[in-house]
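First the structure, in the form of structure tokens, and then the observations on it.
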Amino acid sequence: MAHYEPPINWKDYEDIALKLYERFGDDFSESKIYRIRFTELLDWVMEIPNFEGKREDCNEGHLEMIQSSWVYEWRDNQG
């Protein structure tokens, strides 16, 4: 039986970061994460299975927070 995962929205930065880390693992280091184009990052967030945010509700601030949360997630998994 699959466990229920609550829907993810734009302000759930840590949840989004975890999903991105699970998807890409160590393919992206800190410097690479900060170089990802926002258009690409937006597409990847929209592809998260239980993500229910709307593309038009996204702004640059959300994407910046997602990037920095992803960096923290990546750092937590090093060492």
Side-chain angles (χ1 to χ4, degrees):
M1 188 171 109
H3 67 284
Y4 173 75
E5 286 197 29
I8 298 174
N9 220 306
W10 284 114
K11 288 196 163 59
D12 300 322
Y13 308 124
E14 288 172 9
D15 294 328
I16 293 170
L18 181 63
K19 294 291 184 189
L20 291 170
Y21 184 76
E22 284 173 355
R23 176 174 174 182
F24 295 106
D26 294 329
D27 292 352
F28 288 95
S29 62
E30 183 170 339
S31 57
K32 278 188 175 175
I33 291 169
Y34 281 124
R35 286 201 307 269
I36 294 167
R37 290 193 313 274
F38 279 169
T39 50
E40 204 163 13
L41 184 58
L42 180 55
D43 287 342
W44 293 341
V45 172
M46 298 302 294
E47 290 165 8
I48 293 171
N50 54 335
F51 184 78
E52 65 169 23
K54 304 271 180 282
R55 189 178 284 266
E56 56 270 19
D57 294 335
C58 179
N59 62 46
E60 205 167 290
H62 288 140
L63 294 169
E64 287 169 357
M65 287 298 296
I66 289 165
Q67 272 182 323
S68 55
S69 298
W70 187 359
V71 165
Y72 287 126
E73 187 62 40
W74 178 80
R75 279 187 198 152
D76 282 351
N77 284 281
Q78 304 309 303

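Note that the structure is predicted; figures quoted are calculated from it, not measured.
- Transitive grouping of hydrophobic side chains (ILVMFWY, heavy atoms separated by less than 4.5 Å) brings Tyr34 and Phe38 into a common cluster.
- Connection of Val71 to Leu18 is not established within any shared hydrophobic cluster, with ILVMFWY side chains joined at heavy-atom distances below 4.5 Å, either directly or through further cluster members.
- There is a path of hydrophobic side-chain contacts, each under 4.5 Å, that joins Leu63 to Met46.
- Contact of the Leu20 side chain with the Leu41 side chain is registered, since non-hydrogen atoms from C-beta on lie closer than 4.5 Å.
- For Phe51 and Trp10, the ring centers sit closer than 6.0 Å to each other.
- With a 6.0 Å radius and a threshold of 12 heavy atoms from other residues, nucleotides or ligands, Arg55 has its CZ atom above the threshold.
- How far CD of Glu64 is from OH of Tyr13: 10.0 Å, rounded to the nearest 0.5 Å.
- Between Trp70 and Trp44, the two ring planes are perpendicular [angle over 60°; tilted spans 30° to 60°].
- A 4.5 Å side-chain heavy-atom check between Asp26 and Gln78 finds at least one atom pair inside the cut-off.
- Met65 has its side chain out of reach of Ile16: every pair of non-hydrogen atoms, C-beta onward, lies at least 4.5 Å apart.
- Rounding to the nearest 0.5 Å gives a distance of 9.5 Å between OH of Tyr21 and CG of Asp27.
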TODO: Report the C-alpha separation of Asn50 and Lys19 in whole Å, then their side-chain angles, then the decisive distance to 0.1 Å, and conclude whether the side-chain contact (heavy atoms from CB on, under 4.5 Å) test is met.
DONE: CA-CA 10 Å; Asn50 54 335; Lys19 294 291 184 189; 4.1 Å; yes
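- In this structure, Asn9 contributes its side chain and Glu52 its backbone to no donor-acceptor pair below 3.5 Å.
- Between the CD1 atom of Ile66 and the NZ atom of Lys11 there is a distance of 11.0 Å, given to the nearest 0.5 Å.
- Atom CD of Glu30 is surrounded by more than 12 heavy atoms from other residues, nucleotides or ligands within 6.0 Å.
- Between Ala17 and Glu73 the shortest heavy-atom distance is O-CG, 4.1 Å.
- Using modelled atom types, one side-chain atom of Gln67 and one backbone atom of Ile33 make a donor-acceptor pair closer than 3.5 Å.
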